[in-house]
Structure formats: structure tokens, C-alpha cells
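As the structure is a prediction and not an experimental result, all values here were calculated from the model.
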Amino acid sequence: QMLSEYAKILVLQHEELYGDVEDLELDYEVTRLQTRLIDQYIKIQKVKLTAQLSQAGTDESATREILERVRDLDNLRKQSQGAQRGKETS
């Protein structure tokens, strides 16, 4: 019951916010929000990895693994930003 009411609220909110917006603008907005979400995820993960790095101390294997994960997060950010730039130039 509550879930269906919540869904109705979301549908009405979507219609109110985006009812008069063209598909291209909606697509851009989705990409922008997705990029923001990815950036927040990366920020949270890097905070966790920073804590793990300080706990790793002199363990080179653990340090190398953590730094590889940081590099993966950096690559994810580049991909995300590249996708947004691609949408902007379309």
C-alpha cells in the first residue's frame, strides 16, 4: 500500500518536473545525475581506501592492492566524465 502510494508520488513528481522537458534535455539530466552519483561513490570509496592504506602500514602487497583500487576509481571517474562530455557535444 505505502509502496504504491510512493510510486504514485514519484510519477506525479516526475510529470511536474519533467513534463515539458524534451527527451534530449532529459537524457542530459540523467547523464549529469549519474555522473554526480558516481562522483559521490568514488569519494566515499576513496575515504575508505585512505583508512585502509594507513592501516596497511609497511605491507607492500596490501598497499599495492589499495593503490590499484584507487586507480580503478580514477578510471571510473574518467569514463563517467567522458560519457557526460559525449552527451554535451551531441
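Looking at residues two or more places apart in sequence or on another chain, you find a side chain to side chain contact (heavy atoms under 4.5 Å, CB included) between V21 and Y18, E25, L26. The side chain to side chain contact (heavy atoms under 4.5 Å, CB included) search around I44 returns K48, not counting sequence neighbours.
E22 CD: 12 or fewer foreign heavy atoms inside a 6.0 Å radius. In the displayed structure, L3 atom CG is contacted under 6.0 Å by at most 12 heavy atoms of other residues, nucleotides or ligands. N75 CG: more than 12 foreign heavy atoms inside a 6.0 Å radius. When the shell of 6.0 Å around CD of E5 is examined, it contains more than 12 heavy atoms from other residues, nucleotides or ligands.
Here the straight-line distance linking atom CD of E65 with atom CD of E60 works out to 14.0 Å at 0.5 Å rounding. Interatomic distance, CD of Q45 versus CZ of R69, reported as 7.5 Å (0.5 Å rounding). In this structure, Q81 CD and T31 OG1 are separated by 13.0 Å, a value rounded to the nearest 0.5 Å. Note that the NZ atom of K43 and the CG atom of L73 stand 13.5 Å from one another [nearest 0.5 Å].
The side chain to side chain contact (heavy atoms under 4.5 Å, CB included) test with V11 is passed by exactly one of H14, K8, E15: E15.
In this structure, the side chains of D74 and V70 come closer than 4.5 Å at one or more pairs of heavy atoms. Contact annotation: the side chain of I38 approaches that of Q34 to within less than 4.5 Å [non-hydrogen atoms, C-beta and beyond].
Linking ILVMFWY side-chain heavy atoms closer than 4.5 Å, directly or via other members, places Y41 and L49 in a single hydrophobic cluster.
A salt bridge does not link D72 with R77: every distance from a Lys NZ or Arg NE/NH1/NH2 to an Asp or Glu carboxylate oxygen is 4.0 Å or more. Using a 4.0 Å cut-off between charged side-chain N and carboxylate O, R32 and E29 make a salt bridge.
Side-chain N or O atoms of S80 include none that pairs as donor or acceptor with a backbone N or O of L76 at under 3.5 Å.
Considering all non-hydrogen atoms of both residues, G57 and T63 come closest at O-OG1, 4.1 Å.
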